[in-house]
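Only one structure is covered here, and it is reproduced in the block below.
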Amino acid sequence: MMASGYSAKEEDGHHPGASGATGSGVAKSKKPDNTAFKQQRLPAWQPILTAGTVLPAFFVIGLIFIPIGIGLYVTSNNIKEFEIDYTGADMSSPCFNCSQGPSWNSTWPCHCSIAFTLDQPFESNVFMYYGLSNFYQNHRRYVKSRDDSQLNGDKSSLRNPSKECEPYRTSDNKPIAPCGAIANSLFNDTLELFYIDPNGTRTQIPLMKKGIAWWTDKHVKFRNPGGTNLNLSMVFQGTAKPVNWHEPVYELDTDPENNGFINEDFIVWMRTAALPTFRKLYRIIQKKSNMTPTLPRGNYTLDVTYNYPVLSFEGRKRMILSTISWMGGKNPFLGLAYITVGSVCFFLGVVLLIIHHKYGNRNNSADIPN
Amino acid sequence: MDFSALRNLISRYCTGEENWVDSRTVYIGHREPPPGTEAYIPQRFPDNRIVSSKYTFWNFVPKNLFEQFRRVANFYFLIIFLVQLIIDTPTSPVTSGLPLFFVITVTAIKQGYEDWLRHKADNAVNQCPVHIIQHGKVVRKQSRKLRVGDVVLVKEDETFPSDLILLSTSRDDGTCFVTTASLDGESSHKTYYAVQDTKSFNTEKEVDMLRATIECEQPQPDLYKFVGRINIYQDRDEPIARPLGSENLLLRGATLKNTEFVYAVAIYTGMESKMALNYQSKSQKRSAVEKSMNAFLVVYLCILISKALINTTLKYVWQSNPNRDEPWYNGKTDHERQRHVMIRAFTDFLAFMVLFNYIIPVSMYVTVEMQKFLGSYFITWDDEMFDEELGEGALVNTSDLNEELGQVEYVFTDKTGTLTENNMEFIECCVDGHVYVPHAICNGQILSGSSGIDMIDSSPGPDGKEREELFFRALCLCHTVQVKEEETVDGIKRGIHQGKATSFYISSSPDEVALVEGMKRLGFTYLRLKDNHMEILNREDEVERFELLEVLNFDSVRRRMSVIVRSSSGHLYLFCKGADSSIFPRVISGKVDRVRARVEHNAVEGLRTLCVAYKALSQEEYHNMCQLLDSAKLALQDRDRKLAEAYDLIERDLVLLGATAVEDRLQEKAADTIESLHKAGMKVWVLTGDKMETAAATCYASKLFRRSTQILELTTKRTEEQSLHDVLFELGRTVLRQHDSLTHDTFSGLSSEFQDYGLIIDGATLSAVMKPAQDDSSGNYREIFLEICRNCSAVLCCRMAPLQKAQIVKLIKASKEHPITLAVGDGANDVSMILEAHVGIGIMGKEGRQAARNSDYAIPKFKHLKKMLLVHGHYYYIRIAELVQYFFYKNVCFIFPQFLYQFFCGFSQQPLYDTAYLTLYNISFTSLPILLYSLIEQHISMDILKRDPSLYRDIAKNCLLRWRIFIYWTFLGLFDSMVFFFGAYFLFDNTTFTSNGQIFGNWTFGTLVFTVLVFTVTLKLALDTHYWTWINHFVVWGSLLFYVVFSLLWGGVIWPFLNYQRMYYVFVQMLSSGPAWLGIGLLVIISLLPDVLKKVLCRALWPTSTERIQTKRKCLTVEQSTIFMLSQTSSSLSF
């Protein structure tokens, strides 16, 4: 500040004569503009939070929130959800044997089937999830261990994956496709549902494996290298499969629309979960007709091809069947929270009303005698 | 700023070689003196280049970066950035690098631009042509090539290129006129004198013949001090030595006026010129808000470090199980495995630090600086603080102290020119007890023809007549007034009819002008100073000529001035005028008692009094005096002390003639302003050099003391009767008794019912009080004095020396409450206190610009202080207090969820938010609303603030930044962040909330938290805003909209430059689900609820007076504004 002031003075000194002539002119230009902004007199709305003004807001919040909360709660309660733990940690569990095996190297698939009963029929579409717990998909080292440009079909990244993928970047000096810890630990249990008729026949329930991933992920973010027409095995030549996988990426599915990087199971897995206990969408059971429920009441078996070891990190595996409403799966939290907040607001409104009546007038007049 | 101190130190060290030479010898025209006179040691001087720029093209980048990173905050962010570059950190270095880069770049550009301007100015100055005499010819050269010893020709209206010793001028009497407006702002013309022996040189040839050397002191920054000696060699004779003083020294930057040309020799060039030495930065003042802000920062730094430590510890506890540390699905690289555990722990600690470092945001400093810088414009723009007469508005010299204006507890004000107009009016004079009053007292217009004298009492005898005329002549001669025959002079101007042209009296002291004018009305007109002769037109229209022999200039220590003149009849007189206290002790005869009585009478009336005395001198006496003066003037060292001693010897044994009285009217609204300041809870102290009676009268007039005020006197008069000890204790007891009865009632608004105390203390007593303790008994005088002062609403300190003013301020500043002090003054004698006080305010007065130049803020009139403090100060304080608290709050809200997230991601430093959000949160999503709030918030309207000064008490003692409130904000931040995080957590808890059954991932989780965060934090500010202009609406809703648009865009495209696409469509997918909307709304409302509730309850149950006024206004806006006016007067209005 000092220095700039100084230079201004210097310049003043070098316009001799000017100062005398402009004496009155300077005075005029120095006068500040009388604008509302400069005089800090802009027209303004001046709200004040008083008991009086806040009262209606509290009542309104109360009156709106409680019905919403009840609506949400009822909706959530109407959702049917069935969950079954098939980890096989207990001796009694049918999958106990499978869970004990040293897993990744085992070439033989281990099968187990678990019987369960649905007490109520599941109307409308049923969504089948697998759930893992104590699985830290949100661990920093894990989250960043992927190469998005490789997954987007970039050829150079296919040959030379990102450093972030270490130590799942190369195998036998060949680049891994898809690289990284996330892809490497792809959930590879196969779950199949069978309905047991009262007369004992097993009918397999058709499970739809499309539409489980975000549309944008499937169509934009994930792409196979070299477009769709080419033979995928050619495209992926020279790359290695992730070490834990049984088959290379181009053999994930027979359907070319669901193979390679755009395999929906793969895409779903690649979206890392927020919390260590999570579920991921596995299959959709579509409603067949209006007459029969999608899953009628009765006995079912879940056939598991048990590949995925979780006991080493004290994890659990679950299979969840759930119907969906407009607000998603079963979650009473939102409804309860709305009801609570609504009631609290209503209650506070009443308290404020009392305060307002008792003290409001006193305050307004209290200081005037002073 | 502290860098300049360092630079000074270095330069002092480097130039130490030169410095041990106490004086310098300059060879005029680079001609050596005749050999053998003295050993010739060539000295080297810098050239005349002015370098005000800090940087050159080459060193700009490193030097500027170095200076910027000297700031602790910048350095902290640099360290964070470097850590991010070196170790494997959770967030990309961009997140902290980009804001830092932005801040550094903007600052660098600003500084670079300023420096470029300075370079340009420097070049303009350094390259402007000067005329140098070489070998008898005038040579044009660039200014920067001027060297010490060059003889320079300066023409009218040119500025002096360096500090010059005046050799000769175009005027016969060897004088020239100079205006130093660009140096100290005084636009009045000052007279400078050429060296006696050289003043006859009129051509280049003659000047070139001159063989002389100048010995003078090394350059020092005091503009008004200079000692030197010129030795002139003529024809191998002994050199003639002449003294040189500041009256011979033309300063660089000053402009030559009314003089055709001068020859002068350069003695101080370039950076050694007094002007350059004067432009060194003042010491930086820091505001109370800044201090609290730094304290809060330390707290947050501790929080940051403890967070990182906690997380690091927990991480290692948690992953002691190898299956957690490295489960099969999440292997480490070999490199990571091999690292030593201590190194890993340390890098983890650093990584956590990096993850949480945003809790201390870069942007806070930028925002605070911008707020201060931009906010200060409102002061300069203020229409009400513009003075039509001066043509100037308020001036802001530093924007660092804006908020301090709202925290002032003590106001120290000067009297003359600050409380009063400094517009002197001659009222009366008293010669030997006979009182004379001029007839017409109306702004310099004289009633023609009248003798203009009203004698109050009987006409004196013939002897008296002689005395009377001597008195009038004394006043006509004993002054330093100049006569100007032009109109465009800004200084003190009064028209006098001098036959033909209109003339003005000009002087640096308005008293003198008033006196000379008063004399004119009494029949003695001072015409001019010509050829060292003063001409007076006496009552008989005869011109009397007096030869002016010596002028013993006025100074504030002596408080008097004298002239020695020789009348046309050859008589020698010494006339002396000065303050009564400095004249009476030196008087040996005259009607002292009668004059003294009159002086005291006038002083009580509030008039400024001066006494006049004379002494007839014999030739011999005069001769002795001349010798005394000359030897003192020739001294190179301690000249001031020697001069003072000489003056003391000369001004002795005087004969008292009489006294004068001059009125200094109060400034308009001074009383109103002081009353408002009192009501606002400020203690007002008047510090003046005036007599006690005069000052006390002014204080009564300005309502500093009311009729009901009990005055406590602590003056020399009283301490003569009792010992200082007793007086102090007695006063202490009086005051404390009162104080005890007051303690139960702290609401000082009611104190008017109680006894109000005012204290009067004079300079002599004050120095006795302040004297360091000699023995134990007097050791606590200071404390007792302070105790008394604390309980007095008004204090008057009279007979103060300038330095004592600063001492008083310092004393109060250092007292145990550490109150915020403000000093306001207009003259050079107030500079010391202006610099000492927390806030220094200069009045652009008539005594030059020194005070305004050294102040932090300058205002045209004292009355503007009211708006400055009560309105601007109040606003700035609440604005910056909210700014600081809000910044910490919003960063707690921002970072604490990340901290909580660590508990759910295995303490792996996984960031909750995307990089873009981390970077932009403080830069763009939440920056503008708070900046705007801190610029234009008005919690109460301006008029109410002005009408009701007691509102100022509501923010006293930095109350919005107390720890309690800081902790409230921090806990509010913690609560809100818990709501954000756990709200999202339960929403996500092991389920889906889309209608198509698809699942969201961790980035959606973070985006949800972040969206709630941005909305809550912005709406929280909206709730705090009491003043919604269209700009507020635009910025608040605009920044929310910007967040949404940015998120849509950021997630809407596969960005080719990013190596990850984790945000792709995350925001849209989130918004496509109904529960997300419901959840966001719910969480925002839950977060805001406690704050709203707290506000409403506090307002209803324990309202502050500010809140009462707000509520009252709210009720009243519905009704007619006329009713509001009624409510001010009638108390029985019901609502």
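Quantities reported herein were computed from a predicted structural model and do not represent experimental measurements. In what follows, chains are A, B, ... by sequence order, proteins preceding strands, each numbered from 1.
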Item to complete: Can you tell which part of A:L348 gets under 4.5 Å to a heavy atom of chain B, answering side chain, backbone, both or neither?
Response: side chain

Worksheet item: Can you say whether A:T216 sits under 4.5 Å from chain B via the side chain, the backbone, both, or neither, judging by heavy atoms?
Response: both

Fill in: Contacting region of A:I182 [heavy-atom separation from chain B under 4.5 Å]
neither

Worksheet item: At a heavy-atom separation under 4.5 Å, does A:R146 approach chain B through its side chain, its backbone, both, or neither?
Response: neither

Fill in: Region of A:L49 in contact with chain B, defined by heavy-atom distances below 4.5 Å
both

Item to complete: Check whether A:K144 gets within reach of chain B through its side chain, its backbone, both or neither, counting any heavy atom under 4.5 Å.
Response: side chain

Item to complete: Verify the ring-centre separation between A:Y282 and A:Y129: is it less than 6.0 angstrom?
Response: no

Worksheet item: Out of B:W1003, B:F904, B:F1005, which one pairs with B:F988 under the ring-ring contact (aromatic ring centres under 6.0 Å, His included) rule?
Response: B:F1005

Discussion item. So for A:I68, is it side chain, backbone, both, or neither that comes closer than 4.5 Å to the heavy atoms of chain B?
Written reply: side chain

Worksheet item: Between B:R337, B:H335, B:E336, which is the residue that forms a side-chain hydrogen bond (donor to acceptor under 3.5 Å, both in side chains) with B:T333?
Response: B:E336

Worksheet item: Is the ring centre of A:F333 less than 6.0 Å from the ring centre of A:Y338?
Response: no

Fill in: Test: B:R252 cationic atom under 6.0 Å from B:F160 six-membered ring centre, within 45° of axis
no

Worksheet, complete the sentence: Turns out that what part of B:I1085 lies under 4.5 Å from chain A's heavy atoms comes down to side chain

Worksheet entry | A:N138: which of A:F135, A:Y136, A:Y142 passes side chain to side chain contact (heavy atoms under 4.5 Å, CB included) | A:Y136

Worksheet item: By a 4.5 Å heavy-atom criterion (distance strictly below it), what part of A:L151 contacts chain B: side chain, backbone, both, or neither?
Response: neither

Worksheet item: Is it the backbone or the side chain of B:Y901 that comes under 4.5 Å from a heavy atom of chain A, or both, or neither?
Response: side chain

Discussion item. Measuring centre to centre across the rings, with the benzene-like ring taken for any Trp, is A:Y308 within less than 6.0 Å of B:W328?
Written reply: yes

Item to complete: Under 4.5 Å heavy-atom distance to chain B, tell me which part of A:D154 shows up: side chain, backbone, both or neither.
Response: neither

Practice prompt. Tell me, for B:L912 versus chain A, whether the close heavy atoms (under 4.5 Å) come from the side chain, the backbone, both or neither.
Written response: neither

Worksheet item: Given that the side chain runs from C-beta out, which part of A:S145 has a heavy atom under 4.5 Å from chain B: side chain, backbone, both or neither?
Response: neither

